[in-house]
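Here is how names work: the chains are called A, B, and so on, in the same order as the sequence lines, proteins then strands, and each is numbered from 1. Nothing here was measured: the structure is a model prediction, and the numbers come from that model.
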Amino acid sequence: MQYNHIEIEKKWQKYWEENQTFKASNTSEKPKYYVLDMFPYPSGAGLHVGHPLGYIASDIYARYKRHKGFNVLHPQGYDSFGLPAEQYAIQTGQHPAKTTEENIKTYRRQLDRVGFSFDWSREVRTSNPEYYKWTQWIFIQLFNSWYNKDADKAEDISVLEKIFKKEGNTTVNAVCEDEIKSFSAEEWKAFSKAEQEAVLLQYRLTFLSDTEVNWCPALGTVLANDEIVNGVSERGGHPVVRKKMTQWSMRISAYAQRLLDGLETIDWPQPLKDSQTNWIGKSVGAMVSFDVAGDLENTTSEVKLSYKELEALKELRQNLSKAETTLWNEIKNKKGASKFRKKYTVGTFLVDYVCLAKNLIVEFSGKEDEAVRTAFFNNEGFNVIRFTNEEVIQNVVKVVSEINFAIQFPKVQKTESKKKITSSAVEKSFKIDVFTTRPDTIFGVSFMTLAPEHELVSKITTDAQKAAVEAYISATSKRSERDRMADVKTISGAFTGAYALHPFSGKQIPIWIGDYVLANYGTGAVMAVPCGDQRDYDFAKHFDIDIPNIFENVDISEAAHADKDGTKIANSDFLSGLKYKKALKLAIFELEKKGAGYGKINYRLRDAVFSRQRYWGEPFPVYYKDGMPQMIDEKHLPIVLPEVEKYLPTEDGKPPLGNATEWAWDSRGKKVVSNEKLKNKTVYPLELNTMPGWAGSSYYFNRYMDPHNENEIASKENLEYWKEVDLYIGGSEHATGHLLYARFWQKFLFDKGIVPVDEFAKKLINQGMILGTSAFVNVINGFAYKTENESGFWRIKTPIVVSDKKELTQKEILALLKKSKAKLEKGQDKYAELLKLKDGLIVSVELLKKHVNVMFVNSSDELDVQEFRNDSLNVEYKKAIFITESDDTFKVSREVEKMSKSKYNVVNPDAICEEYGADSLRLFEMFLGPLEQAKPWKTSGISGVSSFLKKLWKLYHNEDTFEVSKEKPTADELKVLHKTIKKVEEDIESFSFNTSVSTFMIAVNELTALKCNKRAILEPLAILVSPYAPHIAEELWSLLGNKDSISTADFPVFEASHLVESSKTYPVSFNGKMRFTMDLSLDLSKDEIEETVMAHEKTQAQLQGRTPKKVIIVPGKIINIVG
RNA sequence: GCUCGAGUGGCGGAAUUGGUAGACGCGCUGGAUUCAAAAUCCAGUUCUUUCGGGAGUGUGGGUUCGAUUCCCACCUCGAGUACCA
């Protein structure tokens, strides 16, 4: 019986489907294991051989785990919402649902051919209403939640409302919009319903806001930052502009720190973790306020403490009394302007708590000099309130609410007395806030730079500078975002004429504007420290601004000095002589004391825009009442995507859903109704945007656990049983998209008690890309020529295609020219005259490299010229002249590129399965190289694994009949088997699939050499091979007389006793270079080995009479003779 | 620029608690079989050589009895990211 892969593979694929072999149970005695692939977007092009790589790896692991006695969940589905289907719908008018359905069918057929052990009963599709019902449901949960920083988790919005009702918002420590007005409980109650809604919206985890978005006019939609590559849309390469729109956003920034922390707990590739870390972009530093000159408020008399005194203070701060601790716990988490400090100095007095920005001091009563203190504090502009220990311990809530009251209604006007003195000098005062990671270099500030778009620019610019500034702004606004990004070399800017005041020295600092400062990062303004930052340095040099040096023993004549460690600060008042870390802390401390700044952590991570102006996505479960968004009740989900006539945006610029005629919410009937009913009082317009591509993929791994549950995302029991993905395999391109958003949603769902773990995937592996090996032919396009009188260019009429290695002589070229009827560029047929000219006429030959379809090229890089000519895509080459090598073959040149249709290097897995079989495809994809690595595909290599399978088959057969012997295996045979078990097990556990394929080859080669056909060897061997080549393994398994699928068999157990050796072939090295080997018994002692080796004739020959200085012997490993 | 990763035959790659560099496969060369081809089987295949041997894992140093493996500097390639204050 011949090995017939087509029959065998068909047979077993059918068997698996009919017997539901890989259906996972939600209850089992066995330990669970969840293996997941990133589900595919079903594109119209179908699969190429690169796609299944990760699926094969995960399938091998899943099958292996089944052999190892695990209850394995290995599902698959489709991420079936997306732009390509919509683009196709716009072009053809076909409904995206229809094309998506067709594409899925193709995908499924292709996947099935490879023989995956997916549990298809759990398939999910993100575009199915039964699925996106839960996407909408999660959206509602996010809307109904806020992030409580004190608890460091998301909580229900009703909790927040209760707090507002009771004490207003001043005690709330939430992640929310930056500038929220504070209000008391009374004020809250006085708000209208709409006002309350507007306030709550500022706290919700998904919220509407006017955001500047990346608008792509060609696609008629908003793109996420990661959908833009080099300033144009990733899909289609259309230009992108910035535009303000009202959009749904996700408050992912609330989770920035936890997303960072979580990385420590998961086994993901370091590069992927690094890119998430960079993406989140945490920087620790300070916000610093600079007063614009004219406002002389900063002349407060300030008593500074030495660093030593400050250290003592720090200690004091850590040893608080019970009452002190109680109160501190209540007020410590206030942020921004309401932030409190404990054990602080004001003047020479030590106060218990102080809120610098609100000029409020809170103290425990009973201090000696209370009257003096109060007088001094009031004089300094502070309000003081005092409590007794008992008050705090007995009713801290009351104390806190008094403090809140004092914050909101300050009694003393801080600078009243001083304002009188300075009022003549200033009409108006401004502050410039900057974020800096280097507050320690604050004494190196010699100018400030604002982004040209900064709102203060117009207000502070002096009349004298007005023209220059306006000219600069209009010049930069003409440059597109892209130009600005691309061109980092040109230094440009303008002086505003205004000055800021240094918070410590009081010096006047010129304020400039410059486009190297980005409006949308930080505050859109920087304090420039030219000695420590290269951009500031370049700017200062260019505009001849002072560059003060504040580093000890550092030369800054050539470039800025950005090094932090190992440099001491100098010329910096109280910071002089300190190293970076201490200087940083002290600078922040002093800034806070002055009220000129505070320590701040800044993240690069922006809140994620969640609205898309597209049709083919999840509709929002949202309608608008009086302009405020309202959630549709959970029990009416899903809100199904409406039918539209056109998939384009409407003529008045509304998203495609604006074309729907049935898209209004009947709040009484609780259903979607015709837009005509909008006249009714109880019918409201529905949201026209849809959700982005990442919505559906951010929780699908949970849905697989219980995919048909109509009442929950998944039942508590199932979630509790499967918990998380144990192994997740997919591409690294999702590092800052899907993988970040999915972690964010998982953490949110965890906070809400919906899922049991806050990281969804324990281990993740990125499979590398399989690259195509493109084939090229050289096409002669034309010749440049030159004579005494004229020169010009001939274009070829009949294409001339030249084999890769062939070199042509001038004579040959002239002959070709004649044959091809070359035409003069201008159109005159002059080739006859040309031929009359002498040799040496042709100056150069213009060669074009043309991709040829790899289908027409064999393994020796020879092109099938006839096939190539006849291909419908190559009509222009039908009559082309082909110049072959001397042996009449035509060779192509090769290059490794990304696999893509346009490069004609796509290899279809169907063709491979047809010719070599799925088992060969699986083995070969693994054999190509390490899973994580990018590697080129070369179909010719597949013959190696294909003949391996034939050899394997032969082991179980005598000529054409199946035949295995019952005889006891020999020691050698057992050794081969157990060596293989050990290596394969180690390799699978470490995901080194390529080396286990070679281990199989070695085993089969050795067993063939031993002529082994013993059942005791071949039966376990079939199990070892089965994760990789499941079809042939099943067939052999059933030929061996087994009734059940091989997937139910236990993995063979390795026994070390079979590998014990009695002797070893020692390498004998001289000075570390291996020269010869010798067989020695492993029983020999070191001395005996040395004796034997030294007596050996080759040793003597190597030494040539010298006496070795030293002989190193590692028993069982090596002998090294030195000398 | 920054961050990360990688450099080993003609090609894909193997070998790291430091211990025989090039496993396994492709390709290539020669042979067997065949009328011939495919398939199959056998032998060879890092370079160099005066056939004793010598050199060799991007380059240059270092540690070591011994380095593809560890350390330092540099070069090249790839990926990500970018005026992030």
Side-chain angles (χ1 to χ4, degrees), chain A residues 269-279 281-283 285 434-438 441 448-449 451 484-491 514-518 520-529 532-536 538-539 562 602-604 732-733 735-736 766 768-769 773 859-861 894 896 923-924 927-930 932-948 950-951 954 992 994-1003 1005 1064-1077 1101-1102 1108-1114 1116-1123:
Chain A
Q270 197 54 45
L272 196 153
K273 287 187 182 183
D274 289 343
S275 74
Q276 289 208 348
T277 306
N278 291 339
W279 192 261
K282 179 180 180 175
S283 38
V434 301
F435 175 74
T436 176
T437 53
R438 297 293 305 272
T441 62
M448 302 193 68
T449 316
R484 241 174 99 170
M485 298 261 240
D487 175 23
V488 296
K489 298 253 158 57
T490 318
I491 295 162
D515 69 359
Y516 79 97
V517 176
L518 302 176
N520 48 14
Y521 181 78
T523 61
V526 300
M527 58 175 229
V529 183
D533 182 287
Q534 194 57 43
R535 290 156 304 170
D536 296 343
D538 294 340
F539 196 86
N602 216 30
Y603 295 95
R604 198 184 80 111
S732 56
E733 67 273 20
T736 53
N766 288 130
M769 209 190 313
T773 312
S859 58
S860 311
D861 292 346
R894 294 282 201 164
V896 172
L923 282 168
F924 187 52
F927 190 57
L928 281 175
E932 293 95 330
Q933 199 175 300
K935 52 233 160 212
W937 174 275
K938 258 177 112 180
T939 303
S940 59
I942 205 168
S943 63
V945 293
S946 171
S947 62
F948 157 74
K950 284 180 204 156
K951 282 187 216 163
K954 266 192 177 166
S992 176
N994 54 327
T995 50
S996 41
V997 177
S998 58
T999 305
F1000 290 138
M1001 289 173 170
I1002 293 167
N1005 289 346
K1064 154 93 188 167
T1065 307
Y1066 277 95
V1068 183
S1069 325
F1070 291 80
N1071 296 320
K1073 295 269 173 216
M1074 205 283 287
R1075 290 304 176 228
F1076 61 92
T1077 60
Q1102 279 289 334
K1109 286 191 195 123
K1110 211 176 183 182
V1111 179
I1112 287 161
I1113 292 163
V1114 184
K1117 286 227 157 147
I1118 197 176
I1119 298 160
N1120 190 17
I1121 298 167
V1122 188

Nearest-0.5 Å distance, [atom1] of residue [X] to [atom2] of residue [Y]:
X	Y	atom1	atom2	value
A:M1001	A:F927	CE	CZ	4.0 Å
A:S283	A:F435	OG	CZ	4.0 Å
A:T449	A:M527	OG1	CE	11.5 Å
A:M1074	A:I1119	CE	CD1	11.5 Å
A:L923	A:S998	CG	OG	11.0 Å

Toward the 5' end of RNA chain B, by each residue's nearest nucleotide, A:G929 or A:K954:
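Checking each residue's closest nucleotide, the 5'-ward one belongs to A:G929.
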For RNA chain B, whose closest nucleotide is more 5', that of A:M1001 or that of A:T523?
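First, find each residue's nearest nucleotide; the 5'-ward one identifies A:M1001.
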Nucleotide nearest [X] (side chain, heavy atoms from C-beta), chosen from [options]:
X	options	result
A:L518	B:U20, B:C84, B:C24	B:C84
A:R604	B:A15, B:A82, B:A39	B:A82
A:K1117	B:G80, B:U17, B:U40	B:U17
A:P271	B:G25, B:C4, B:C83	B:C4
A:F927	B:G25, B:C83, B:U20	B:G25
A:T1065	B:C83, B:C24, B:U20	B:U20

Side chains of [X] and [Y]: is there a donor and an acceptor less than 3.5 Å apart?
X	Y	result
A:Y516	A:D536	yes
A:T939	A:W937	yes
A:S996	A:T999	no

Could you check which nucleotide pairs with [N] in any of the strands shown, counting Watson-Crick or G-U wobble with both distances under 3.5 Å?
N	value
B:C11	B:G25
B:A6	B:U76
B:U33	none
B:U81	B:G1

Between [X] and [N], does any side-chain N or O lie under 4.0 Å from OP1 or OP2?
X	N	result
A:N1005	B:G25	yes
A:Q933	B:G13	yes
A:R535	B:C84	yes

Chi-based syn or anti call at B:G5, which uses purine or pyrimidine torsion atoms and a 90° bound:
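Base orientation relative to the sugar is anti.
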Taking syn as within 90° of 0 and anti otherwise, name the glycosidic form of B:G56.
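What B:G56 shows is an anti base, its glycosidic angle lying more than 90° from 0.
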Check every strand shown and say whether [X] touches a base, only sugar-phosphate, or nothing at a heavy-atom separation below 4.0 Å.
X	value
A:N994	sugar-phosphate
A:D536	nothing
A:T436	sugar-phosphate
A:S947	sugar-phosphate
A:T999	nothing
A:K951	sugar-phosphate

Grab the CD1-P distance between A:I1118 and B:G18 for me, whole Å please.
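It is 14 Å, rounded to the nearest whole Å.
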With B for base contact, S for sugar-phosphate-only contact and - for none (protein heavy atoms under 4.0 Å), nucleotides 54-68 of chain B reads SSS--------BS--
